[in-house]
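Mind looking over this structure? Questions follow.
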Amino acid sequence: NMARWTEKHIPDQSGRIAVVTGANGGLGAETVRALATRGAHVVMACRTLSKGEAIAAPLMASGASVEVVALDLADLRSVRACVTDLRQRHPSIDLLILNAGIMAIPRRTTAQGHEMQLGTNHIGHFAFCAGLLGQVTDRVVTVSSQAHRTSGIRWADPMSERRYNKWQAYGQSKLAN
């Protein structure tokens, strides 16, 4: 009978650098907390800096090493700026955790005109990862969802311009992950 894996099983992370997207809430914030309390320096890549700083403050007050950087995955200019900044400040990154995501929203588009869920959940993360991949020394983790089973890639209309279903668009974005 295999024991259930919990965050208590995370080994010492001292001396390691982790970058976590969507770190200002939910699973991202819990990932930051778990890694930081085990000694990692965690870079919190967040769209809303104030939310990220609110998560970071108590961690820093308890002695954890975290920093908050701006990243809007729905704007490839923001992705490029964040990548440039991180490449200059962190020549190596041990863990790149692609966690941020949006789910089942009304149809909108990114700054570059992509359907928002595919643009944020996949295209923005793909560009972010591609820009940092040369710095990554250990692993890249992409947080997906069982929703990937609910949709194929809609090759004839990947940006849902002809027909939009918020759940189908979400499923497609998770399958793309």
Side-chain angles (χ1 to χ4, degrees), residues 17-32 35 42-56 66-90 92-155 157-161 164-177:
I17 296 174
V19 175
V20 180
T21 69
N24 56 276
L27 187 57
E30 290 302 313
T31 301
V32 169
L35 292 171
V42 184
V43 179
M44 301 172 61
C46 304
R47 181 179 57 208
T48 307
L49 288 176
S50 60
K51 288 182 181 179
E53 289 160 357
I55 299 294
V66 297
E67 66 182 283
V68 182
V69 298
L71 173 63
D72 181 353
L73 291 162
D75 186 344
L76 295 175
R77 294 167 300 207
S78 172
V79 171
R80 189 176 304 114
C82 188
V83 163
T84 299
D85 178 49
L86 291 178
R87 288 177 67 158
Q88 290 170 349
R89 291 191 295 121
H90 298 291
S92 68
I93 295 167
D94 297 285
L95 302 169
L96 179 57
I97 301 174
L98 308 174
N99 163 75
I102 56 175
M103 181 174 69
I105 62 168
R107 190 177 193 287
R108 298 191 345 244
T109 57
T110 67
Q112 285 73 36
H114 302 114
E115 185 276 316
M116 185 65 79
Q117 293 183 93
L118 186 62
T120 299
N121 298 351
H122 180 66
I123 296 169
H125 269 141
F126 183 88
F128 188 64
C129 182
L132 292 174
L133 201 53
Q135 323 289 106
V136 177
T137 61
D138 188 358
R139 68 193 63 208
V140 175
V141 176
T142 301
V143 177
S144 190
S145 164
Q146 287 294 328
H148 80 277
R149 298 174 187 271
T150 65
S151 178
I153 301 295
R154 298 181 62 223
W155 297 110
D157 187 23
M159 297 302 156
S160 304
E161 292 167 310
Y164 182 72
N165 174 292
K166 64 186 179 181
W167 288 107
Q168 187 177 44
Y170 177 69
Q172 175 180 252
S173 76
K174 294 285 103 180
L175 180 58
N177 290 155

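Sequence positions, counted from 1, serve as the residue numbers for this chain.
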Distance col, row F128:CZ vs L96:CG, nearest 0.5 angstrom, shows 6.0 Å

Spatial distance of atom CD1 (I123) from atom CG (L118) [nearest 0.5 Å]: 4.0 Å

Ring geometry between Y170 and W167 (parallel below 30°, tilted from 30 to 60°, perpendicular above 60°): perpendicular

Rounded distance (nearest 0.5 Å) linking atom CE of M116 with atom OG of S160: 13.0 Å

Tell me if the OH atom of Y164 is crowded by more than 12 foreign heavy atoms within 6.0 Å. yes

Side chains of T110 and D75: does their closest heavy-atom pair fall under 4.5 Å? no

Of V79, T84, L86, which is the lone residue that meets side chain to side chain contact (heavy atoms under 4.5 Å, CB included) with C82? L86

Hey, could you give me the CD/CD1 distance between Q172 and I153, rounded to the nearest 0.5 Å? 4.5 Å

Going by side chain to side chain contact (heavy atoms under 4.5 Å, CB included), N121 matches just one of L73, I102, T142, V143. Which one? I102

List in chain and number order the residues that pass side chain to side chain donor-acceptor pair (under 3.5 Å) with N99, two or more places apart in sequence or in another chain; answer none if no residue qualifies. none

Look up atom CG in L132 and atom OG in S92, then write down how far apart they are to the nearest 0.5 Å. 11.5 Å

Could you check whether any side-chain heavy atom of R47 comes within less than 4.5 Å of a side-chain heavy atom of N24, counting everything from C-beta outward? no

R108, CZ: over 12 other non-hydrogen atoms inside 6.0 angstrom: no

